[in-house]
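What follows is a set of notes on a single structure, which appears directly below.
Only this structure's heavy atoms are used, side chains among them; waters, hydrogens and symmetry mates stay out.
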Amino acid sequence: MKFSLITPYLPSEYDQLLALKTNLMAQTTTDFEWLIAGTLPIDLDQTEWQAPFTIRQVHPKASTVGAARNAAMAVAQGDWLVFVDSDDYLLPTALATVTALEGLKSTTFIDLNQYPTYEPHVSFVNSLTQTSATDTLPKWGGPKRQRLRNRPLNLSADLLTELPTTTPIPAVVQNWLTHKYLLFTGEDRFEQFGRQAKITGKILNRQPVQQHHWQFDETNALYPDYHFLTQAMLATPTYLRLADPLYVRVKHNDPINQPSIHQLEDPHRWHHRLAAWQLALVDLPVGPLHVAFSRFTLDRLHRYLYQALATSSETTVADSPALMDQLHDYLQLVDPDTLRELPHNSRQILRAIRRQPRVPQFQINVLVRLRQLNRVIRHRGRGITRLAYNWWFTKLPIKPRTILYESFLGRNFSDSPKAIYNYLERNYPGRFHHVWVMNPGVSETPAGRPNTKVVKRFGWRYMYYLATAKFQVINMRQPKWFIKRPGTKFLATWHGTPLKHLVFDMDNIASANPLYKSIFYQQSRQWDYLVAANQFSVDVFEHAFMYPTDQMLPSGYPRNDILSAPDKDEQAQQIKRKLGIPLNKKIILYAPTWRDDDYYGVGDYKFTLKLDIDRLKRELGDEYVLVLRTHYFITEHLDTTGFGDFVYNESSYDDISELYLIADVLITDYSSVFFDYAILKRPILYFVYDYEKYGSVLRGFYLNMETDLPGPLLKTNDDVLAALHDLPAVTQQYAAAYQRFSQRFNAWEDGHASQRVVNTFFADELHH
């Protein structure tokens, strides 16, 4: 039993092909050929392309995926055709499992059972090498919500012989127990039709494919598969799906730079989709497959079309009249009974288009609004304020002198938005109306100060001011549904000089939203200005955020003005008194960051304290106290009550700049806090106990930590204690490095960043 693996590729996918070749070499059988089809010539004689199986390159006449697959099918020599995309992977036993299937017929449609994931191959390859379990897949991409699912039991053949013989085991149960496959025939043939409507991970016998000349649509760049698949389904009365997933479909998490075909921004997408559906349906005789395909396509119209056509939609649909003509013609072909299965409003819309090819705009807008309202009702009112924002508040007049501020998603009154607010209040009292976004329970807020309101994040007043304030000053990102209205201005102050790779410089983002890059890109296009602390940040933001340099403010961070203030020593004494720290004690500030691979779920990080506080207290407790400040991403509460008055856990303290002022030495790791702290010219120690792992496996660094940092890399508690016992020697050893670092990163930090930002961002308002 020989296989022909068919992989179309684009010129940009060369590295993906090489990775797939490495993956295929792990197959437990080599009885296959690999046909790679694309227009980019590849020298298969190179060492990197050598393999224990045959690799052949096919050059299609056109550059479409359909043309590539057709060209490969025409020259295939295997008994079975296996369709594998260049960025996907087969588990090592995939082909051997199919080979072991008994009684396969040429009229069987085989499904390797797709497992979709946003993880790159390295994640699941590493996972597979760490476990010998065969009854489940690793939880690639972090913990998933556990749901009860039917799973096959991987019982060995020997164990099956021990089952009681008095009770006969039905063949389907025997199949299930021995982890083979699920069969769908007769009336069940088109159950779960959606699984069968994707060509990737499917296997077909080559003989009927070539005998009937089944072809992919070479003219449809987005949807070439439907006609081929439906013709194949007509001739294969048996659908066989392997019980466990053996095909990994890697979904793209960077739709901006590396979009899949289905992620391409194309205003004619619906035109291509309808053309593919019509081509398939017109060749289907009346019968179960015609009904199944009609039901499948109408479901997609019902779920996705109306949102795209709604007046309020951000989606662009080109040439709506032409689309309606296509839809009108297509609806003449669908099975009438399946149209009756749709919900009432949707059915009425499609029937109207079936009668006359025009957009029933009013009915579509009503349906979209009803769906939004129904979603709020299902969630017991959650989201009602956002609905008000979209429906009403964004229609209200802009408030010309109102500024909305938000710092760290409303967690505190801090950072550059606080510095800008304070500067405006001091220098332009009464000129603006200030609105601060705060979460419930924040201890320090500007409530009660002149011309200032505090609103709860996602509350009614928040939505009102988010929609109507002329100015937004925010140090992270706005909500992804935020609507940038004409006449408003958005200032992104950001919140640190980058050490770790950010956004588009990251290969993979395991613990965040898989569409993080796409969301970030859309959000950052709404920023009018982005504050940069130094030229290094300007250079990084340009490629990491894909943000234009002419919209960056080369000002330094307003939050750091306090570190150069003439009265910074007096302020430090006041902060110590507020925190209850003895004035005669020196302060060690420990400010570690979170770890990307140490989390409970998406956006829910944890942290394990590796610093030996007991030993610090024993050896340094007479002279020092330890102030602990963890990253705001870390949700796990650290219990430090057992350390008495030696440890002050200030992880929830609003403004870390004030903690810099009182600290005599900083201990950090990969947090960007040291860029700001270096303004004070005080010692910095780097406790990097997991340096090799963090640097090579997780996100990597923009700096060379071995040569660019103004302090030592310490990997053990012994190293940390030795450095703390002899800080003068450490200071002397790193004096030259500290000076170079300061010139590179803090040249703009002169205590006047707030003034520069205000004079630029509010220029028109101040000149009036």
Are the side chains of P360 and I353 in contact, using a 4.5 Å heavy-atom criterion? yes

Under the 6.0 Å and 45° cation-pi test, does R525 pair with Y547? no

Is the CD atom of Q207 crowded by more than 12 outside heavy atoms at less than 6.0 Å? no

I need the minimum non-hydrogen distance between P92 and A26, along with the two atoms involved. CB-O, 3.5 Å

Note, Q522 side chain near F482 side chain (heavy atom, < 4.5 Å): no

Donor-acceptor contact below 3.5 Å, side chain Q356 vs main chain A352: no

Going by the angle between their ring planes, with limits at 30° and 60°, are Y223 and Y226 parallel, tilted or perpendicular? parallel

Any donor and acceptor pair, going by atom type alone, linking the side chain of T54 with main-chain N or O of E33 inside 3.5 Å? no

Tell me, with the steps shown, if M233 and F193 meet side-chain contact (heavy atoms from CB on, under 4.5 Å). CA-CA 10 Å; M233 289 179 197; F193 184 87; 3.5 Å; yes

Under 3.5 Å, side chain of S313 to main-chain N/O of Q307, donor-acceptor pair present? yes

In short, A67 meets P60 closest at the heavy-atom pair O-CB, 3.6 Å

So, does Y247 use its side chain to make a donor-acceptor pair with the main chain of L91 at under 3.5 Å? no

Determine the minimum heavy-atom distance between V65 and P8, stating which atoms define it. CG1-CG, 3.9 Å

List the steps, then state whether side-chain contact (heavy atoms from CB on, under 4.5 Å) holds for H543 with D505. CA-CA 7 Å; H543 51 79; D505 290 342; 2.8 Å; yes

Would you give the length of the straight line joining atom NE2 of H344 to atom CZ of R351, rounded to the nearest 0.5 angstrom? 9.5 Å

How far does CD of Q326 sit from NE2 of H272, to the nearest 0.5 angstrom? 9.5 Å

Minimum side-chain heavy-atom gap L240-L101 below 4.5 Å: yes

Please answer whether the main-chain N or O of A197 pairs with a side-chain N or O of K202 as donor and acceptor at a distance below 3.5 Å. no

Gap between atom OG1 of T338 and atom NE2 of H290 - 0.5 Å precision: 8.0 Å

D244 side, atom CG; L112 side, atom CG - distance, nearest 0.5 Å: 12.0 Å

Indicate whether the side chain of N220 and that of R273 have a donor and an acceptor atom separated by less than 3.5 Å. no

Determine whether the side chains of E218 and T64 contain a donor N or O and an acceptor N or O closer than 3.5 Å. no

Got a donor-acceptor contact below 3.5 angstrom from the T29 side chain to the D31 backbone? yes

If you look at every heavy atom in W49 and D43, which pair is closest and at what distance? CD1-O, 3.6 Å

Is the shortest side-chain N to carboxylate O distance from R69 to D85 below 4.0 Å? yes

Can you check whether Y239 reaches D111 side chain to side chain, under 4.5 Å on heavy atoms? yes

Less than 6.0 angstrom from the centroid, inside 45 degrees of the normal: does R189 satisfy that with respect to the ring of F184? no

Hey, are the side chains of L305 and L327 touching, using non-hydrogen atoms and a 4.5 Å cut-off? yes

Keeping the roles fixed (side chain from D217, backbone from H227), state whether a donor-acceptor pair exists under 3.5 Å. no

Greater than 12 external heavy atoms within 6.0 Å of E187's CD: no

Are R295 and D299 within salt-bridge range, i.e. N to O under 4.0 Å? no

Hey, are T7 and W34 close enough side-chain-wise for a donor-acceptor pair under 3.5 Å? yes

Side-chain donor/acceptor of R354 to backbone N/O of L331, under 3.5 Å: yes

Expected output: side-chain H212 to main-chain A235 donor-acceptor under 3.5 Å: no

I want to check something: taking the side chain as every heavy atom from C-beta on, are V58 and I36 in contact at a cut-off of under 4.5 Å? no

Is the F228 ring parallel, tilted or perpendicular to the W214 ring (thresholds 30°, 60°)? perpendicular

Report yes or no: do Q196 and R241 form a side-chain donor-acceptor pair below 3.5 Å? no

Looking at every non-hydrogen atom in both residues, tell me the closest pair between A76 and L81 and how far apart they are. CB-CD2, 3.6 Å

Between D87 and E13, does a side-chain contact (heavy atoms from CB on, under 4.5 Å) hold up when you go through it step by step? CA-CA 8 Å; D87 53 354; E13 296 173 348; 5.9 Å; no

About how many Å separate CD of Q16 and CG of D88, when rounded to the nearest 0.5 Å? 9.0 Å

Please find out if less than 6.0 Å separates the ring center of Y89 from that of Y115. no

In short, F83 meets I199 closest at the heavy-atom pair CB-O, 3.4 Å

Taking atom CD of E265 as the centre, report whether more than 12 heavy atoms of other residues, nucleotides or ligands fall under 6.0 Å from it. no

side-chain contact (heavy atoms from CB on, under 4.5 Å) between L342 and L339, intermediate numbers included: CA-CA 6 Å; L342 293 174; L339 191 58; 3.8 Å; yes

Assign the ring pair F504 / Y521 to parallel, tilted or perpendicular, where the plane angle (0 to 90°) is split at 30° and 60°. perpendicular

Roughly how far, to the nearest 0.5 Å, is the OG atom of S312 from the CD atom of Q372? 6.0 Å

Is the backbone of T93 close enough, under 3.5 Å, to the side chain of Q27 for a donor and an acceptor to pair up by distance? no

Within a 6.0 Å radius of atom NZ on K484, are there more than 12 heavy atoms belonging to other residues, nucleotides or ligands? yes

For a 4.5 angstrom cut-off between non-hydrogen side-chain atoms, does V317 reach L309? yes

State whether a side-chain donor-acceptor pair under 3.5 Å links Q77 with S4. no

Can you tell if the side chain of L222 reaches within under 4.5 Å of the side chain of L264, non-hydrogen atoms only? yes

H271 and D319: side-chain donor and acceptor closer than 3.5 Å? no

